[in-house]
Amino acid sequence: MKKLWHQFNIRYYEILFKDCLHDKMKCEFQRKISYHKLKLDELNDACRKTS
């Protein structure tokens with residue numbers, strides 16, 4: 001379920017990032033995308049270790 005949440009947020013912020021005109025907000029969206037990608041990678045690594 002956590003993976004799905006992070007995947008959803010990545011897609012959501014990517015859409016906002018593409019439509020945004022303000023550099024400050026683009027930076028914020030990019031930061032959030034990076035955070036959710038990192039968390040998704042951590043969850044994928046944890047799943048690989050337990051398999």
Residues at least two apart in sequence or cross-chain that pass salt bridge (charged side-chain N to carboxylate O under 4.0 Å, His left out) with Asp45, listed by chain then number, are Arg48

Group every Ile, Leu, Val, Met, Phe, Trp and Tyr by side-chain heavy-atom contacts under 4.5 Å, then state whether Met25 and Ile33 land in the same group. yes

Separation between NZ (Lys49) and CG (Asn44), nearest 0.5 Å, reads 12.0 Å

Correct closest heavy-atom pair for Lys26 and Cys20 would be CE-O, 3.1 Å

When rounded to the nearest 0.5 Å, the distance separating CH2 of Trp5 from NE2 of His36 is 7.5 Å

So NE2 of His6 and CE of Met1: to nearest 0.5 Å the spacing works out to 12.0 Å

Next item on the list: Establish whether Tyr12 and Ile15 are linked, either directly or via other cluster members, by ILVMFWY side-chain heavy-atom contacts under 4.5 Å.
Entry: no

The reported gap from CG in Asn9 to CG in Leu16 (rounded to nearest 0.5 angstrom) is 10.0 Å

Sorted by chain and number, sequence neighbours left out, side-chain contact (heavy atoms from CB on, under 4.5 Å) with Glu42 holds for Leu38, Lys39

For Tyr13 and Phe29 the tightest heavy-atom approach is CD2-CD2, 3.7 Å

